[in-house]
Amino acid sequence: MEIKSDFLIIGSGIAGLSLALRLSRTGTVSVVTKRDASESATLYAQGGVAAVMDPDDSFEEHIEDTIRAGAGLCKEEVVTRVVKEGPESIRELIDQGARFSKKDDGDFDLGKEGGHKKRRVLHASDFTGREIMSALTSSAAKDRNITLYEDHIAIDLITTSNFAGRPGRPKKDRCLGSYVLNKKENRVDSFLAGSTIIATGGAGKVYLFTSNPDVATGDGIAMAHRAGASVANMEFFQFHPTCLFHPEAKSFLISEALRGEGAILRLKNGTPFMQDYHPMKELAPRDIVARAIDSELKKTGDDCVFLDISGQSDEFIKQRFPNIYGKCMTRGIDITKEPIPVVPAAHYLCGGIVTDMEGKTDIPGLYACGEAACTGLHGANRLASNSLLEGLVFAKQVFNSISKGKNRIIDFPPIPAWNPGKATSSNEAIIVSQNWDEIRRLMQNYVGIVRTNKRLARAKKRMDIIQAEIQEYFWTFIITSDLLELRNIATVAELIIDSAIMRKESRGLHFNLDYPELDDKSFKHDTIIK
């Protein structure tokens with residue numbers, strides 16, 4: 001079955017839906033999302049979105065903080081554009097129905113997070129992502145030019161030079177859309193469009209411990225790589241310092257905003273330790289805080305450290321952090337009186353599909369925005385709450401670029417239907433679950449917060465074997481969503497490992513004990529894989 005539209009967006013987070021609402025003014029938009037439209041990393045964002053909204057703040061200071069966090073790899077022109085267009089993007093989001101917390105005087109209640117020298121983080125208590133997604137999904141559902149295809153998972157991009165359905169990477173040409181698995185009908189459809197935009201988010205599920213939702217399997221990055229697009233900086237995976245450590249709490253993030261409001265990191269015996277690692281203590285950039293916690297846990301042998309915000313009043317904590325307070329209470333932790341057990345967890349990928357300032361990839365007709373893209377904003381480490389801002393601003397950049405060009409294709413060339421070959425149904429689902437578990441464990445243990453040459457070499461060797469198994473399985477058995485996600489996290493894992501091996505220094509989120517120093521002379525550049 002062929003489904004044609006002017007624009008195809010794969011992913012329904014803040015980048016995908018805000019772009020869809022813009023593009024719908026000029027044509028028809030198909031939005032493919034593998035669960036319901038609101039299920040994305042955006043939904044779970046607690047802290048907020050950073051923008052200069054206070055007269056005491058300035059664009060220059062936000063730019064400076066972003067570049068400092070990026071450890072020498074931020075593209076200054078990208079940072080400048082994103083920061084300066086931030087306030088207007090926020091106002092547009094508010095016009096679509098998003099409501100941010102305000103103080104009694106009517107001004108925004110701006111939070112402060114790690115790496116920021118000023119308060120500039122807009123939030124909706126600690127439900128910010130939920131508030132944003134509610135506004136965007138409501139607007140998209142009412143838009144006649146937008147069709148949401150929920151429970152659909154993209155398989156591979158369709159290009160003019162080589163179509164999916166057999167192994168091998170196609171030569172780069174024009175992207176015409178994507179083959180997509182309709183999960184409910186168990187049918188593969190061809191989604192065709194003049195412009196295809198990847199907005200599939202990140203890949204936290206490649207690690208065993210992550211703050212990301214289950215959908216974060218790097219699908220868009222893996223598809224773009226298989227199609228021949230360049231990817232960059234995959235070694236820079238940000239570990240959020242504080243995820244709730246509890247056997248019954250799956251991937252629950254403890255927002256950095258707590259540290260912005262005075263929460264202190266302590267060891268099991270109550271001793272604070274961040275003063276030993278950075279002058280900004282708990283408000284140091286995330287890579288430094290995560291490594292500090294990792295170092296202390298290795299020294300003490302403890303399972304977790306503790307985040308203590310009990311110095312604030314009960315009323316303040318319950319009003320500012322109702323989500324975190326309620327979640328912890330369900331686990332028997334009263335954060336107004338006792339510290340929260342926390343551990344670092346994979347959170348945000350600073351690398352991704354290489355784009356220019358307009359979101360264009362090096363495959364004509366293919367764009368990327370949001371966490372799936374490597375725009376140059378984050379460099380080697382993302383400044384807290386810049387991710388939602390990037391999604392908003394680059395959605396606008398992509399829209400402006402597409403609006404200028406001739407991207408509608410009315411007469412598509414003949415597109416072959418998805419060819420399953422001689423694939424049969426599998427009764428060996430254990431192979432998928434076994435490889436899935438093994439990939440995540442080896443990435444956690446060998447390619448985590450601290451790396452070594454030996455660990456990376458072991459990870460590479462094992463991934464080569466796993467990849468061979470997955471490829472054989474993929475072309476032998478009828479595809480399922482689980483198999484597609486396994487294939488994608490394997491591709492992303494391989495890209496992360498290869499990128500980490502290439503960077504023989506320590507910079508930002510990539511720390512290698514065999515190369516502990518920064519090497520600007522040899523490695524002050526992006527790590528690009530084509």
Side-chain angles (χ1 to χ4, degrees), residues 11 15 66-67 69-79 81-82 157 169 172 175 197-204 206 216 218-238 287 346-364 366-383 386-387 390-391 393-394 397-398 443 447 451 456 460 488-512 518-520 522-530:
T66 300
I67 291 174
L73 292 190
C74 295
K75 290 181 171 58
E76 188 169 354
E77 66 275 19
V78 175
V79 176
R81 175 173 292 185
V82 170
L157 297 172
R169 285 176 53 167
K172 288 183 287 188
C175 181
I197 303 96
I198 290 176
T200 50
V206 76
D219 304 330
I221 296 169
M223 285 193 301
H225 174 65
R226 288 193 293 266
S230 298
V231 298
N233 294 349
M234 296 295 288
E235 70 271 35
F236 299 124
F237 214 114
Q238 187 176 77
D287 59 321
H347 185 58
Y348 191 90
L349 176 60
C350 290
I353 307 162
V354 176
T355 75
D356 65 8
M357 293 271 282
E358 296 182 325
K360 293 179 183 176
T361 72
D362 48 14
I363 298 178
L366 180 66
Y367 295 77
C369 62
E371 192 175 352
C374 184
T375 64
L377 173 64
H378 306 303
N381 180 32
R382 176 177 69 96
L383 182 67
N386 267 358
S387 55
E390 180 186 36
V393 173
F394 265 88
Q397 303 310 310
V398 172
M443 290 298 292
V447 202
R451 302 158 181 176
L456 293 173
K460 174 67 174 173
N488 291 332
I489 70 160
T491 298
V492 170
E494 196 167 49
L495 289 169
I496 294 171
I497 294 166
D498 288 345
S499 298
I501 289 173
M502 292 167 67
R503 185 167 291 279
K504 302 183 187 306
E505 65 160 356
S506 289
R507 181 186 297 272
L509 300 166
H510 171 73
F511 190 84
N512 188 328
L518 194 71
D519 184 356
D520 277 347
S522 300
F523 291 100
K524 195 176 181 180
H525 57 74
D526 294 334
T527 304
I528 296 177
I529 297 178
K530 296 184 178 181

Looking at I529, D362, D526, which one forms a side chain to side chain contact (heavy atoms under 4.5 Å, CB included) with S230? D362
Tell me, with the steps shown, if E390 and R382 meet side chain to side chain contact (heavy atoms under 4.5 Å, CB included). CA-CA 11 Å; E390 180 186 36; R382 176 177 69 96; over 6 Å; no
What one should report as the nearest heavy-atom pair of S387 and Y348 is CB-CE1, 3.4 Å
Rounded to the nearest 0.5 Å, what separates atom CG in N233 from atom SG in C350? 8.5 Å
Any side-chain heavy-atom pair of N512 and K504 under 4.5 Å: no
Is R503 reaching over with its side chain to a backbone N or O of F523, donor-acceptor style, under 3.5 angstrom? yes
Residues I221, M234; criterion side chain to side chain contact (heavy atoms under 4.5 Å, CB included); working and verdict: CA-CA 10 Å; I221 296 169; M234 296 295 288; 4.0 Å; yes
Please report the shortest heavy-atom distance between L509 and N381, naming the atom on each side. CD2-OD1, 3.2 Å
Can you tell me how far CD1 of I363 sits from CG of L157, rounded to the nearest 0.5 angstrom? 6.5 Å
Side chain of T491, backbone of A222: donor and acceptor closer than 3.5 Å? no
Of the non-hydrogen atoms in T66 and L377, which two are nearest, and what is the gap between them? CG2-O, 3.7 Å
Using 0.5 Å steps for rounding, measure from the OH atom of Y367 to the CG atom of D356. 8.5 Å
Let me see the working for F394 and V78 under side chain to side chain contact (heavy atoms under 4.5 Å, CB included), right down to the final yes or no. CA-CA 10 Å; F394 265 88; V78 175; 3.9 Å; yes
Compare all side-chain heavy atoms of Q397 with those of M357 and state whether any distance is below 4.5 angstrom. no
Residues T355 and A373: closest non-hydrogen pair is CG2-CB, 3.9 Å
Do you know which two heavy atoms are closest between G376 and V79, and how far apart they sit? O-CG2, 4.4 Å
Side chain to side chain contact (heavy atoms under 4.5 Å, CB included) between S499 and T527: does it pass, once the steps are laid out? CA-CA 6 Å; S499 298; T527 304; 4.0 Å; yes
What closest approach, in Å, do C374 and G351 show between heavy atoms, and which atom pair accounts for it? CB-C, 3.9 Å
Check: Q238 and H378 side chains under 4.5 Å, non-hydrogen atoms: no
For A380, all residues meeting side-chain contact (heavy atoms from CB on, under 4.5 Å), sequence neighbours excluded: A71, L73, F236, R507
Donor-acceptor pair, E235 side chain versus H510 backbone, under 3.5 Å? no
Any residue meeting side-chain contact (heavy atoms from CB on, under 4.5 Å) with K460, in chain and number order, not counting sequence neighbours: D464, E494, I497, D498, I501
Partner set under salt bridge (Lys or Arg N to Asp or Glu O under 4.0 Å) for K360, not counting sequence neighbours: E358
